[in-house]
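See structure below.
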Amino acid sequence: MESNGDFFTRAFDVVRRIPGGKVATYGQIARLIGEPKKARYVGFAMHSSPGVAGGVPCHRVVFKDGSLAPGFAFGGADAQCKLLEAEGVTFLSDGRVDMNACAWDGRDPNRMGPPPGFLTAAEFGD
DNA sequence: CCTGTGACACGTC
DNA sequence: AGACGTGCCACAG
């Protein structure tokens, strides 16, 4: 029901579950939704997202490399970096997020059962 | 109605 | 090791 065909709604739901101080990648979110091939569309969903005020912390969504949006973002990678930093996310000298320490486990503390295909930080261990 | 586009990811060269 | 091409699907014009 809720999710029916709204891929966006599902994406928002997952992004919304991202705990503060952690970041998730488009691919991870897509995978959590169950559509790893739609990783591309996840970003598009964020573009259509109501914004952080709407409950969708798009700033917590970053690239798999840990880099932020090139500038297409809600206010620029600079703003995103600032928001993430305010959340407690650590950044590297390259301006990338420290996926090594801030990679979301895909498991929400508010949720008991981990979503299907949850990703672990080990997956980011490149 | 059809074409083009788009905040990516993965496989292969 | 990096660079290129492909796949995916929904929304806009």
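Predicted, not measured: the structure shown is a model, and the values here were computed from it. Throughout, protein chains are lettered first and strands after them, A, B, ... in sequence-line order, and every chain is numbered starting at 1.
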Item to complete: Could you pull out all residues at least two apart from Glu87(A) that satisfy salt bridge (Lys or Arg N to Asp or Glu O under 4.0 Å)?
Response: Arg60(A)

Practice prompt. Let me know the distance between CZ of Arg31(A) and C1' of dC8(B), rounded to the nearest Å.
Written response: 13 Å

Worksheet item: Could you go step by step and tell me if Val62(A) and Gln80(A) meet the side-chain contact (heavy atoms from CB on, under 4.5 Å) rule?
Response: CA-CA 9 Å; Val62(A) 302; Gln80(A) 188 176 22; 4.1 Å; yes

Worksheet item: What residues, two or more places apart in sequence or in another chain, satisfy ring pair (Phe, Tyr, Trp, His ring centres under 6.0 Å) together with Phe12(A)?
Response: none

Write down the protein N/O and nucleotide N/O pairs, taken from nucleotides 5-9 of chain C, whose separation is under 3.5 Å; answer none if there are no such pairs.
residue	atom	partner	partner atom	Å
dG7(C)	O6	Arg40(A)	NH1	2.8

Worksheet, complete the sentence: Nearest-nucleotide check on DNA chain B, Phe44(A) vs Ala39(A); residue mapping nearer the 5' end is Phe44(A)

Fill in: Gap separating the CZ atom of Arg96(A) from the CZ atom of Phe63(A), nearest 0.5 angstrom
10.5 Å

Worksheet item: Roughly how far, to the nearest 0.5 Å, is the CD1 atom of Ile29(A) from the CZ atom of Arg16(A)?
Response: 12.0 Å

Worksheet item: In chain order, what residues pass the side-chain contact (heavy atoms from CB on, under 4.5 Å) check against Tyr41(A), with sequence neighbours excluded?
Response: Phe7(A), Phe8(A), Lys38(A), Phe44(A)

Worksheet entry | Close side-chain approach of Ile18(A) to Val61(A), heavy-atom, < 4.5 Å | yes

Worksheet, complete the sentence: Residues of residues 84-94 of chain A with a heavy atom under 4.0 Å from any atom of DNA chain B, listed by number, are none

Fill in: d(CZ, Phe63(A); P, dA9(B)) in whole Å
7 Å

Item to complete: Nearest whole angstrom, please: distance from the C1' of dC10(B) to the CG of Asp65(A).
Response: 12 Å

Item to complete: Not counting sequence neighbours, which residues clear side-chain contact (heavy atoms from CB on, under 4.5 Å) with Ala101(A)? List them please.
Response: Thr90(A), Asp98(A)

